[in-house]
S.K.: 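What follows is a single structure, and I will ask about it in a moment.
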Amino acid sequence: FPMSKSSIFIAKHANINIINQIRNIIKSKIKQEDKFLNLNNEKYRDIILDIQNELNDKEYGIKIVNEIKTAICKYLRTKSFLIQSNLYLRATRPILEKTINKKINTESIDFHRESFYGSNMEKSVNIWTPIKGVNNKNTLRYIPESHLINEKSIKVKNIKNKSVSRFSSGHKLGFQYSPKKIVGGVDLANSKKMNIKLGHSSIFSGNLIHGAAINESKQIRFSCDFRVIRKKDYSTKNKIFHFASGKPYFIDFKS
């Protein structure tokens, strides 16, 4: 069903097996979470990237799509679409008290829309799936009706992310080395929490401003996300190659 005024659909998975499989893969690499809380960014991201690579090698993006295919087709109004070749694993650790006070966090993506980071990506659609530890204190946030805001009305500035270098593990996990920060044209104080139950995925417009999944809980929160796009909306303006997957950015979805 759609979440009111937000261009979001919540899709229930056919069963929980795929999510449980992902959780088991994570558990095989992160047996005791507390040992990972104080690792430096580089070591931690290398471990998470290893898990992300395994999920992509085993095509879990396609497996998630198969769980909610009917809902995706209904949202896209077509059965003909492409899927991003690289699924991102978001593994956000709890933030320290000093980090909360400074309002700085290096493991959550700030508010953005997909067009910030790729031509023609405003036509893409996001699939976001909670996997483990996602709750009201760390879930994804969004700005209602922000998919309707004209791009020209949004003011952004590029900032340097000192914790991410180009082509690093962090970059391959979806962190930007030069992210765009929204500084005007959007009421970020009006953000809402995207509360999704385990065993469900959210489907929402690439133009919906979302992000800021800062983890104020006591455990690591894991989620997966990737994009789909209608075949008729895809063009040569889209990114052709995905450096993290080593494959074309979008591949044909075949159930």
S.K.: Applying side chain to side chain contact (heavy atoms under 4.5 Å, CB included), run through Ile68 and Ile127 and close with a yes or a no.
M.R.: CA-CA 10 Å; Ile68 56 172; Ile127 312 296; 3.9 Å; yes
S.K.: Among Ile229, Val125, Val65, find the residue that satisfies the side-chain contact (heavy atoms from CB on, under 4.5 Å) test when tested with Phe81.
M.R.: Val65
S.K.: State whether a side-chain donor-acceptor pair under 3.5 Å links Ser205 with Tyr75.
M.R.: no
S.K.: Is the NZ or CZ atom of Lys63 both under 6.0 Å from the centre of the six-membered ring of Tyr60 and within 45° of that ring's axis?
M.R.: yes
S.K.: Can you confirm whether the side chains of Arg93 and Asn38 place a donor and an acceptor under 3.5 Å from each other?
M.R.: no
S.K.: Evaluate the ring-ring contact (aromatic ring centres under 6.0 Å, His included) criterion for residues Tyr249 and His242: first the C-alpha distance (whole Å), next the side-chain angles of each, then the deciding distance (0.1 Å), finally the verdict.
M.R.: CA-CA 4 Å; Tyr249 195 94; His242 202 299; 4.7 Å; yes
S.K.: Do Leu89 and Leu39 land in one hydrophobic cluster if side-chain heavy atoms of ILVMFWY residues count as linked below 4.5 Å?
M.R.: yes
S.K.: If you apply the rule side-chain hydrogen bond (donor to acceptor under 3.5 Å, both in side chains), what do you find for Ser169 with Asp46, and how did you get there?
M.R.: CA-CA 6 Å; Ser169 292; Asp46 284 345; 2.5 Å; yes
S.K.: Should Leu198 and Ile22 be counted in the same cluster of Ile, Leu, Val, Met, Phe, Trp and Tyr side chains packed under 4.5 Å apart?
M.R.: yes
S.K.: Between His200 and His13, does the ring centroid distance fall short of 6.0 Å?
M.R.: no
S.K.: Can Lys132 and Glu33 be said to form a side chain to side chain contact (heavy atoms under 4.5 Å, CB included), step by step?
M.R.: CA-CA 12 Å; Lys132 183 176 182 290; Glu33 284 194 11; 2.8 Å; yes
S.K.: Would you call the rings of Tyr177 and His171 parallel, tilted or perpendicular, where under 30° means parallel and over 60° means perpendicular?
M.R.: perpendicular
